[in-house]
Number of protein chains: 2
Amino acid sequence: METEETPARWEGLPSWLLGQTANHAHRLVGDGFSSVGGRGYHYRLLATLEERGPASQAALGRRSGIHLSDMVATINELAERGLVERAPDPSDRRRNIVSLTPEGARQLRRLEKRLAESQDELLAPLSPEERQQLTELLSKLLVHHSRRTGSPEERWR
Amino acid sequence: METEETPARWEGLPSWLLGQTANHAHRLVGDGFSSVGGRGYHYRLLATLEERGPASQAALGRRSGIHLSDMVATINELAERGLVERAPDPSDRRRNIVSLTPEGARQLRRLEKRLAESQDELLAPLSPEERQQLTELLSKLLVHHSRRTGSPEERWR
DNA sequence: AGCAAACGTTGGCCAGCCTAACGTTTATGA
DNA sequence: TCATAAACGTTAGGCTGGCCAACGTTTGCT
């Protein structure tokens, strides 16, 4: 964007404001991650591994919200750098069991640090009360809109 | 996303909430646009043309916030359907002058209608006061973060 | 035994945002 | 006046995050 002149009847629209601020947030977070050689999917996968332990790629995908087909690439990237290990599951030969390495845990620390910093930067202009308000409003929207989108009648078998 | 299990320490982060709600918004708006055969860039370009009149591609890019290289494709798409016209500027042979056709104006009407509908859908769960709050908070963030992003002191080397 | 389902993988698409490069044309200023 | 800088349009490509379809393998259910 070159932001020279400013016309635009759409600039006050909630969807626009939302999109723009999300862009800024995305950029802040992304820059933070990439400053330690990572990106969003890396954080999500590493954090999921630490939180819930080793698992198959499919399970990790469900837990982290990363699409199965994107998991492959993500795990490749992380495995290449020794942050994660992919081993065949002896009890189910369809599965790979992916687990976090100590190096991966260290990288997760770094990513988390950057993530926290970018939250601060993002919210800099807001008071604590305003931050609270924002969080609540967004959550409200999210809850409303994820009902329809998120989970149909998924059963866990 | 399959949203089966729900772990996730990042789900409360402002940047995440922002990103997710923006995704929903983006989807709502995008679906609305595509239901009349358009997309975001089409709306932005058509609206800019109606608001400020015919202009060169570069000027339109500046006014609409669409990158120059994306303008080419956008104008191609719209010109193909007769919604927009591209004519060489006789007074400056570097330029094309792009202008809105009556058909284009009609399409803009349709896009605007869909856009308004999707705003309603997006904000459905919020009261008027909450909508106001949200708008203000987002604007505050936006103002803060666009200062730095918008215009650096271009070094000409 | 046979079929359906889960799994991992590949390859592709989309929108939005962006960079680099290139040829043409115009404007500037030395 | 002439060289150089700048603007313009264009092509090609990359990135992130989100998807879909297909395929072969392996497993589980009946």
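Note that these values count all heavy atoms, side chains included, but never hydrogens, waters or copies made by symmetry. We name chains A, B, ... by the order of the sequence lines, and we start the count at 1 in each one.
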Respond yes when some side-chain nitrogen or oxygen of [X] is under 4.0 Å from OP1 or OP2 of [N], and no when none is.
{"X": "A:R39", "N": "D:dG17", "answer": "yes"}
{"X": "A:Q57", "N": "C:dT9", "answer": "yes"}
{"X": "B:H26", "N": "C:dA15", "answer": "no"}

Is there a side-chain contact between [X] and [Y] (heavy atoms, below 4.5 Å)?
{"X": "B:W16", "Y": "A:R44", "answer": "yes"}
{"X": "A:I75", "Y": "A:N96", "answer": "no"}
{"X": "B:T101", "Y": "B:V84", "answer": "no"}
{"X": "B:R114", "Y": "B:D31", "answer": "no"}

Inset, instruction - Mind listing the residues from residues 74-97 of chain B sitting with a heavy atom below 4.0 Å of DNA chain D? Number order is fine. - result: B:R86, B:R94, B:R95, B:N96
Legend entry - Polar side-chain contact A:N23-C:dC17 base: donor and acceptor under 3.5 Å: no
Rounded to the nearest Å, what distance is computed from the [atom1] atom of residue [X] to the [atom2] atom of nucleotide [N]?
{"X": "A:H42", "N": "D:dT16", "atom1": "NE2", "atom2": "C1'", "answer": "11 Å"}
{"X": "B:R62", "N": "D:dA6", "atom1": "CZ", "atom2": "P", "answer": "15 Å"}
{"X": "B:H67", "N": "D:dA12", "atom1": "NE2", "atom2": "P", "answer": "16 Å"}
{"X": "A:R27", "N": "C:dC17", "atom1": "CZ", "atom2": "C1'", "answer": "11 Å"}
{"X": "A:F33", "N": "D:dC15", "atom1": "CZ", "atom2": "P", "answer": "18 Å"}
{"X": "A:D70", "N": "C:dG8", "atom1": "CG", "atom2": "P", "answer": "14 Å"}
{"X": "A:Q20", "N": "C:dA15", "atom1": "CD", "atom2": "C1'", "answer": "14 Å"}
{"X": "A:L45", "N": "C:dG8", "atom1": "CG", "atom2": "P", "answer": "12 Å"}

Within the structure shown, what part of the strands sits under 4.0 Å from [X] by heavy-atom distance: base, sugar-phosphate, or nothing?
{"X": "A:S56", "answer": "sugar-phosphate"}
{"X": "B:G30", "answer": "nothing"}
{"X": "A:G19", "answer": "nothing"}

Between [X] and [Y] (salt bridge meaning N to carboxylate O under 4.0 Å), is one present in this structure?
{"X": "B:R9", "Y": "A:E50", "value": "yes"}
{"X": "A:R81", "Y": "A:E103", "value": "no"}
{"X": "A:R63", "Y": "A:E51", "value": "no"}

Inset, instruction - For the helix from C:dA1-D:dT30 to C:dA30-D:dT1, figure out the bend between the end axes, five pairs an end, and round to 10 degrees. - result: 10°
Inset, instruction - Please determine, by modelled atom types, if B:R86 and B:Q57 share a side-chain donor-acceptor pair under 3.5 angstrom. - result: yes
Legend entry - A:E112, CD atom: more than 12 neighbouring heavy atoms under 6.0 Å: yes
Inset, instruction - Compare the minimum distances between each of D:dA12, D:dG9, D:dG18 and the side chain of B:S69, then state the nucleotide with the smallest one. - result: D:dA12
Legend entry - Side-chain donor/acceptor of A:Q133 to backbone N/O of A:E130, under 3.5 Å: no
